[in-house]
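Input: a single structure, listed below in structure tokens.
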Amino acid sequence: MANVATAVEPGRRRKGVSAVVSAVLRFVVVGAVTFLGLLTVTFFIGRVVPIDPVLAIVGDRASASAVAAARQQYGLDLPLWQQFALYLKKALTGDFGTSVLSSNPVMQDILRVFPATLELATAGTLIGLFFGIPLGVLAAVKRDSLIDQIVRVIGLVGYSIPIFWLGLMGLLIFYAKLDWVAGPGRIDIAYEYTFTPITGLFLFDAAIQGEWAAFADIFSHIILPASLLGYFSMAYISRMTRSFMLNELAQEYIVAARAKGLRETRIIWGHALRNAAVPLVTVIALSYATLLEGSVLTETIFAWPGIGMYLTNSLQNADMNAVLGGTIVIGTVFIGLNLFADLLYRLLDPRTRA
Amino acid sequence: MLMEKINRRLALLLAGAAMSAVMTAGMPAYADTPADTLVQAWAIDDMISLDPAEAFELSTGEITGNTYDMLVRLDANDTTKIVGGIAESWTVSDDGLTYTFKLKPDLKFASGNPITAEDVAWSFERAVKLNKSPAFIIQQFGLTGDNAAEKAKAADPSTFVFTVDKAYAPSFVLNCLTATVGAVVDSKTVKEHVAAVTPSDEYKFDNDFGNGWMKTNFAGSGPYKTREWRANEVVVLERNDNYYGTKGNLARVIYRHVKESATQRLMLEKGDVDVARNLQPGDIDAVSKNADLVITATPKSTVYFFSLNQKNENLAKPEVREAFKYLVDYDALGDTLLKNIGAMRQNFLPKGILGALDDKPYKLDIAKAKELLAKAGLPDGFSVTMDVRSTQPVTGVAESLQQNAAQVGIKIEIIPGDFKQVLTKFRARTHEMYIGQWGVDYWDPNSNAETFGINPNNADDSMNKTLAWRNAWDVPADIQDETKAALLERDATKRAEMYADLQKKVREAGPFVFLWQETEVAGLRKNIQNFKLGPTFDTNFVGPVTK
């Protein structure tokens, strides 16, 4: 099976390339339509919520003239279709207006909060991958054994225990009682100004500036929330890996490989997992995308200034520019990751190239 | 083969991850905050601007109060009195229209620029012209964009003259000037950051008076200066070494945005923060039992009330209004849901303000409420809806009323909602019943007297949307007249008596059931000294704090 990809003749390879190109094109079109739909839906949802957006801007006590001034300044006095046209025009150039809450351009806010989420989600997904895949494979190979039961319990717990409870328990045990990790937030105030946030990924920024004490502190802060997200991601990934592997292990080519006398490790890791990896890529990408949306509860409990908290807070305060901007960035990431997963899928699965 | 290689690499990585986990475990935790820094955990997500001409939120009140100066300030020991801020003395002309302030000599902004009467005048002018949320506190004295420069002006570098349009009670004018909208900004610094704007019908000026820059920057003269504000993350204050008065004890004050009460409590117990500002009742209990921690509390200016929309014909009956006042179990609420976080109060003025009454004439009395309903021709009760913000303690309080009301046949349907959603409905007068809160706009009894007792036009398109208007209460003429007269009463004792009378009248006749006054609670590490919450957020001073 592993040889198929390398053994294809030149003609088929060209077809494979054109298949990838057409897939990209298809996704550009689908992506553009989805994106436009996203813009439209978010805008109109933002306008039909029973909240007066001016309230968020000037507060409850403003005089009638201050309210009118704000309404005009934010273009809220225009007819809805004009507001939408204006919004579309600006959004397409990356300008989502100014956030009422932070007084900054929304894009600037997102560039500040998104790296925090990106760092946490990436760490969480890596943890989920490192533990989830081996566990899933083991559970499938040793079906109904103790390890299989353990994986099932992990999966069950991951699905049924609310993350805020686990988060608080984690803080209580590892931070308050055992003192193993640092508390909520991304960094201790003692290191607040020791390095310049260039990318906003603090671990990376501290590392390239050689601030190793700050790096250790950041690591100590991220490890608990990342493990928490990683746990949920692991629960999902291991469960899916198990079921994909079971499916593969029941295939005839496995029987053939065994009959040929191949070593069991090679059959499992080289043949079965390789085939199971195809659908697994989609699962991992989607799980990563979900974490990138920002886990609101985790971010709230760990005082993590990420996009989840930013969006929730904006939503609660009817800061519609920020809500729309954030939603669109998340939507774009989601669409992008989907596209990426689909391309990987095509690269990994020789059949899709035929 | 390939997979086996990956597998080996994976094993290495796993080992690496395990190693670093072990290393982290062995690392010392940085539990204590630096000795020269006060770290507070506080939900600061309401903060929208640092510009004192625009900021009108609780958290910004505290920041402005510590980083800017006003002409006059509240006397911290008796908040019904006024003391000088940057003004050394002041006189009121005999006709009551002209206030002349003499500034203290040789004052400096944090930037090193001298503070002059020109700065004061420009600060007033920009606040009036920018016309943001708190501008009305100055505009109500007859200042407009056209006359602000004339009515608030510098006679000489150390004399500021403020001209009002009516002979108001001087206590009223001075109380209003303690508000943060009257904060004096460093005009020389701000003018370097002014941005051009296109004038329109709503905004007639060609520049933004530095508002864009001031939203996130600082140009003040208080004991602390704002170094940085990152929305929903942190506010960093640093000591202002140019401050003319008693300098702050600590070099830095840091507010960390932490939303969750349980998280705040953990950080406080651990020593990662010195002060936790948003503890909920359960966590307050735990903190008060911890030997390393102490609790401090002060009544704040916010009062909570039920209100009855008078557009509803049942609620409009005077007997029904009165009946509701007997359906609240004040004592039980005070002992349970509101323990530590509120003090029961049956008047519209919060404790600590001029003329505030402390008496509590109403008690839970089901029989009396039943009798009143019968008198109103509703012996079997009626059905009504109540909009309630879906947070505690208001939801619990609403449910308590719901149970008591059910005993006399009033079926209350609670409609839970997000705060802004509930407020939007309330502002449009489409609610039936509402439970809400009201904090004074400025530290003077007129603020609440006006909103609870004035409604010049009960039509839907009225420009004057007071709380009386929002509940469609056609306020009796005697209450409205007395409220207006109290505003002009120049004898402070007499003025206080008038407000006492007004509180009685409104609580008896009005569509409001006053419930409690909010208490602000903070949990502190034991080593924190002189941390005292003031009656308003702009009097939560951090300067005296030591550790």
Side-chain angles (χ1 to χ4, degrees), chain A residues 49-52 55-56 58-66 68-69 72-73 99-104 109 112-113 127 130-131 134 168 171-172 175-176 179-185 188-190 192 216-217 219-220 223 265-266 269-270 273-274 300-303 305 309-310 313 316-318, chain B residues 1-4 7 10 13-14 17 20-21 24-25 27 29-31 33-34 37 39 45 47-49 56-57 131-136 139 200-203 215-216 230-234 236 254 256-260 262-263 266-267 269-270 272 418-421 423-425 427 441 463 465:
Chain A
V49 288
I51 297 177
D52 182 357
L55 200 59
V58 296
D60 187 24
R61 314 294 174 79
S63 63
S65 69
Q72 196 203 37
Q73 189 192 340
S99 156
V100 171
L101 283 176
S102 69
S103 309
N104 294 323
D109 273 350
R112 187 170 53 84
V113 297
I127 293 173
F130 286 157
F131 294 99
L168 277 175
L171 274 176
L172 196 66
Y175 161 65
D179 219 356
W180 286 6
V181 298
D188 267 344
I189 49 135
E192 182 71 59
D217 179 62
F219 187 81
S220 176
I223 190 76
T265 43
R266 185 167 161 96
W269 299 98
L273 181 61
R274 186 139 190 190
T300 307
I301 288 162
F302 288 93
M309 208 150 98
Y310 178 73
N313 189 45
Q316 281 168 352
N317 289 285
Chain B
M1 277 290 276
L2 180 74
M3 272 306 177
E4 274 164 56
N7 216 15
L10 187 79
L13 275 168
L14 280 175
S20 43
T24 322
M27 247 172 26
Y30 306 97
T33 56
T37 305
V39 185
D45 44 5
M47 205 173 274
I48 57 167
S49 170
F56 207 33
E57 289 69 39
N131 193 21
K132 302 286 185 185
S133 311
F136 72 95
Q139 290 167 341
S200 68
D201 289 348
E202 297 291 346
Y203 187 78
K215 277 172 189 277
T216 53
R230 294 201 301 273
N232 293 342
E233 237 183 291
V234 74
V236 181
I254 293 180
R256 282 186 61 177
H257 174 62
V258 182
K259 185 103 179 147
E260 257 289 310
T263 308
L266 276 180
M267 295 175 83
E269 288 172 345
K270 202 64 190 139
D272 274 347
D418 160 80
F419 181 45
K420 288 255 155 53
Q421 206 176 329
L423 197 56
T424 300
K425 212 171 154 189
R427 287 162 58 95
D441 283 333
M463 287 303 278
K465 301 182 174 180

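Computation of the quantities below employed the complete heavy-atom set of this structure, encompassing side-chain atoms and omitting hydrogens, waters and symmetry-equivalent molecules. Naming convention: chains lettered A, B, ... in sequence-line order (proteins, then strands); numbering from 1 in each chain.
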Region of A/Y175 that comes under 4.5 Å of a non-hydrogen atom in chain B: both
Engaged part of A/I127 at the chain B interface, taking heavy atoms whose separation is under 4.5 Å: neither
Any side-chain heavy-atom pair of B/K259 and A/M309 under 4.5 Å: no
Close side-chain approach of A/P305 and B/H257, heavy atoms under 4.5 Å: no
For B/S49, side-chain hydrogen bond (donor to acceptor under 3.5 Å, both in side chains) partners two or more places apart: B/E54
Residue among B/R256, B/E260, B/M47 with most heavy-atom pairs under 4.5 Å to chain A: B/R256
Contact leader toward chain B among A/S99, A/G183, A/P184, where contacts are heavy-atom pairs under 4.5 Å: A/P184
Spatial distance of atom NZ (B/K270) from atom CG (A/L172) [nearest 0.5 Å]: 10.5 Å
Separation between CG of A/D188 and OG1 of B/T33, rounded to the nearest 0.5 Å: 10.0 Å
Toward chain A, the part of B/L266 with a non-hydrogen atom under 4.5 Å: both
